[in-house]
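Written out below as structure tokens is the structure these notes cover.
Residue numbers count from 1 along this sequence.
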Amino acid sequence: MSEKKILLGNEAIARGAYEAGVRVSAAYPGTPSTEISEAMAKYDEVYAEWSPNEKVAAEVAIGASIAGARSMCSMKHVGVNVAADPLFTAAYAGVGGGLVVVAADDPGMYSSQNEQDSRMVARAAMIPVLEPSDSAEAKEFTKLAFALSEKYDTPVMVRSTTRLSHSQGIVELEEREEREVLPYERNTGKYVMMPANAIKRHVVVEERMKRLAQDACTMPLNRAEYRDLSVGFITSGIPYQYVREAMPEASVLKLGLVHPLPRKLIEEFAAKVERLYIFEELEPVIEEQVKSWGIQKAVGKEIFTVQGEYSANMIRQRVPEYDGQAHPDGAGKTASGQAPLSPANVPARPPILCPGCPHRSVYTVLNRLKIHAAGDIGCYTLGAVAPLSVVDTTICMGSSISTLHGMEKARGKEYIRDWVAVIGDSTFMHTGINSLMNMVYNRSCGTVVILDNSTTGMTGHQDHAATGKTLKGEVVPAINITQLCRSLGIAHVYEVSAFDIDALTELFRRETQRDEVSVIITKAPCVLLKGVTFPNKCVPVPEKCRKCGACLRPGCPALTKNADGTIAIDETMCNGCGLCEKLCPFDAIEVCPR
């Protein structure tokens with residue numbers, strides 16, 4: 001007997017995979033995709049893991065598929081870049097058991113360094129893409145993706161976005177479909193992608209995509225909703241919800257399979273509506289193909305941006321038919337004749353490191369020494385903003401070490417005497433290892449600072465290979481980062497407390513002057529980790545305060561000024577790390593037991 005439950009889009013994707021009989025799930029955490037794997041881990045019938053990076057996750061899922069089991073890998077959009085190598089070739093090889101790749105895009109860049117469109121990657125890889133519009137569809141489309149994967153012998157991408165992944169909706173839960181693992185049969189022509197085999201498989205892929213495009217015209221997940229024929233929208237995913245909210249009487253062609261596109265269905269819809277809009281977030285993936293077929297009346301990016309997240313208000317403001325008349329400024333009005341509401345004029349709230357964050361202590365020392373940092377992806381990227389102002393570059397996962405190496409090769413050893421690379425422990429395990437290996441191999445010099453806070457902090461405290469715990473909660477041997485660095489042949493590897501500012505100062509001054517690679521591992525747990533306790537608190541001593549502001553320079557949000565200029569410390573926010581006490585030259589702050 002089925003039951004209904006309110007689920008996040010990510011939880012619904014996990015539920016769909018579970019009901020489809022998936023056996024193996026692999027991922028690297030990345031917002032907005034992280035909750036998919038966290039939900040998968042709750043199903044005992046599924047093997048679920050945090051992989052070191054998205055490439056490995058994709059390869060794990062591909063291996064499970066070749067072995068005959070339904071499998072899935074999940075990642076955010078930039079993770080698709082990391083996984084592209086195996087995914088592009090998996091499209092040629094095809095599948096054994098169904099293989100689904102979940103890509104969570106981030107229009108608006110709420111937690112990302114770019115807002116690329118994964119549909120374009122899938123189109124280049126010749127992988128079909130399903131795009132659900134709510135939690136209920138997220139579950140059903142994921143189940144369907146496994147069926148399509150096996151029917152057409154192809155990996156299938158399910159594309160989500162931040163709004164879908166983190167919105168809730170009613171989902172009908174059904175029983176798991178227990179599926180036998182398909183028997184493995186050796187087939188080197190299919191699974192060994194050396195040139196002679198790949199040339200033949202490319203022909204198979206092209207024929208497969210043609211067949212999918214034809215079949216898409218009759219697939220129920222692509223549907224035409226005819227209402228008022230004076231205006232029609234072609235849309236998919238979350239933007240479908242915005243169209244229905246803003247213009248409920250408009251005709252809509254809702255696409256669930258967004259690659260390949262159902263040409264015949266689109267041509268029929270376009271012929272029946274007077275004015276046609278293509279409403280899709282980010283790149284004009286649908287629009288370019290539709291216009292290439294000669295449907296020139298379609299209007300898309302001429303009025304809708306390629307940047308950021310869409311909304312119902314965008315339709316209200318930019319579609320003249322919204323209230324039946326065009327406006328000189330190109331903006332529509334609401335049904336009541338009033339202009340749409342503007343976003344509230346609220347004060348800016350820049351992101352900031354948490355009180356007691358060990359990164360703040362490290363960056364404070366680097367700032368005092370006027371040392372620049374090549375940065376990486378994680379909470380510690382916040383070292384780029386005032387008042388810490390240490391991080392000068394951030395490109396992608398694992399890039400900090402390679403960036404420093406490139407600087408040294410371009411400008412010489414003397415140039416990087418006042419530079420370090422900073423990288424978190426999880427990011428180091430992701431792709432930093434390769435970059436450090438490259439520095440050693442190519443006889444570079446430079447200091448790498450591994451900010452080890454014992455977790456993947458930015459995405460919500462997931463474990464990794466150096467924490468000693470798996471996604472399923474098993475306790476396993478933890479990779480020793482110090483020994484790992486030494487195994488690369490690095491002679492100068494140091495562990496130091498992130499809050500020992502005297503030791504940090506000495507190490508940074510000395511190691512940045514070396515003519516070889518050195519590694520400093522700063523250790524202190526993330527203050528938000530479960531089980532981390534704070535026995536102390538910092539207490540101001542007003543009569544000793546000289547109002548110099550030295551304790552305020554690291555930007556801890558627990559510290560503020562009183563009206564008379566002395567320091568106040570919010571006891572509810574203070575984690576007692578003692579950084580402010582160490583920085584005060586007048587003993588005006590004390591560290592006391594709670």
Side-chain angles (χ1 to χ4, degrees), residues 13-28 33 36-37 40 43 45-49 51 53-75 79-80 82-104 118-119 121-132 138-160 176-185 187 189-193 198 201-202 204-205 208-209 211-212 257 259-260:
I13 289 170
R15 181 69 192 189
Y18 167 77
E19 291 182 5
V22 72
R23 285 177 175 261
V24 174
S25 171
Y28 180 81
S33 70
I36 298 170
S37 291
M40 290 302 308
Y43 298 116
E45 300 91 335
V46 180
Y47 169 78
E49 74 171 33
S51 305
N53 60 41
E54 295 85 357
K55 178 180 183 290
V56 173
E59 291 160 350
V60 169
I62 291 167
S65 169
I66 291 172
R70 286 189 165 183
S71 59
M72 181 172 76
C73 56
S74 309
M75 60 202 71
V80 176
V82 181
D85 194 0
L87 290 181
F88 272 62
T89 302
Y92 277 33
V95 304
L99 173 60
V100 171
V101 180
V102 182
S118 293
R119 296 176 300 170
V121 180
R123 187 167 69 175
M126 291 179 285
I127 294 174
V129 183
L130 305 186
E131 186 170 12
K139 191 203 82 163
E140 293 305 321
F141 281 22
T142 303
K143 293 174 68 174
L144 178 60
F146 283 101
L148 293 175
S149 174
E150 292 172 351
K151 179 178 179 179
Y152 293 95
D153 189 20
T154 178
V156 175
M157 178 180 287
V158 174
R159 182 199 186 217
S160 181
R176 174 176 169 86
E177 178 187 358
E178 292 294 350
R179 300 178 61 85
E180 293 296 323
V181 175
L182 300 174
Y184 173 73
E185 295 182 6
N187 188 343
K190 187 176 190 295
Y191 294 125
V192 180
M193 284 300 103
R201 291 298 300 178
H202 190 185
V204 173
V205 170
R208 178 187 74 206
M209 295 306 289
R211 185 158 60 99
L212 264 166
L257 179 67
H259 178 67

Side chains of Pro128 and Pro260: closer than 4.5 Å at any heavy-atom pair? yes
Tyr92 versus Met126: any side-chain heavy-atom pair under 4.5 Å? yes
Grab the two heavy atoms, one from [X] and one from [Y], that are nearest each other, plus how far apart they are.
{"X": "Val95", "Y": "Pro155", "value": "CG1-N, 3.7 Å"}
{"X": "Val24", "Y": "Val46", "value": "N-CG1, 4.4 Å"}
{"X": "Val181", "Y": "Ala67", "value": "CG1-O, 3.4 Å"}
{"X": "Val158", "Y": "Ala145", "value": "CG2-CB, 3.8 Å"}
{"X": "Gly96", "Y": "Leu182", "value": "O-CD1, 3.4 Å"}
{"X": "Tyr184", "Y": "Ile66", "value": "CD1-O, 3.5 Å"}

Does the distance from a Lys or Arg side-chain N to an Asp or Glu carboxylate O, for Glu45 and Arg176, drop under 4.0 Å? no
First locate atom [atom1] of [X], then atom [atom2] of [Y], and finally report the distance between them rounded to the nearest 0.5 Å.
{"X": "Glu150", "Y": "Arg70", "atom1": "CD", "atom2": "CZ", "value": "4.0 Å"}
{"X": "Ser37", "Y": "Tyr28", "atom1": "OG", "atom2": "OH", "value": "12.5 Å"}
{"X": "Tyr43", "Y": "Glu19", "atom1": "OH", "atom2": "CD", "value": "7.5 Å"}
{"X": "Met209", "Y": "Ile127", "atom1": "CE", "atom2": "CD1", "value": "8.5 Å"}
{"X": "Ser118", "Y": "Glu131", "atom1": "OG", "atom2": "CD", "value": "10.0 Å"}

Report the C-alpha distance between Val101 and Met75 in whole Å, list the side-chain angles of each, state the deciding distance to 0.1 Å, and finish with yes or no for side-chain contact (heavy atoms from CB on, under 4.5 Å). CA-CA 8 Å; Val101 180; Met75 60 202 71; 4.3 Å; yes
Has [X] got a side-chain atom pairing as donor or acceptor with [Y]'s backbone, closer than 3.5 angstrom?
{"X": "Ser149", "Y": "Leu99", "result": "yes"}
{"X": "Arg119", "Y": "Arg159", "result": "no"}
{"X": "Arg23", "Y": "Arg179", "result": "yes"}
{"X": "Ser65", "Y": "Gly97", "result": "yes"}

Residues Leu148, Leu130; criterion side-chain contact (heavy atoms from CB on, under 4.5 Å); working and verdict: CA-CA 10 Å; Leu148 293 175; Leu130 305 186; 4.1 Å; yes
Report, as yes or no, whether the 6.0 Å neighbourhood of atom CD on Glu178 holds more than 12 heavy atoms from other residues, nucleotides or ligands. yes
Return all side-chain donor-acceptor pairs below 3.5 angstrom for residues 54-61, not counting sequence neighbours, or 'none' if the list is empty.
from, atom 1, to, atom 2, distance (Å)
Glu54, OE1, His430, NE2, 2.7
Lys55, NZ, Glu59, OE2, 2.5

Which residues share a side-chain contact (heavy atoms from CB on, under 4.5 Å) with Ala17, sequence neighbours left out: Val22, Met40, Met72, Thr142, Phe146
Set of residues satisfying side-chain contact (heavy atoms from CB on, under 4.5 Å) with respect to Lys190, sequence neighbours excluded: Asp153, Asn187, Arg201
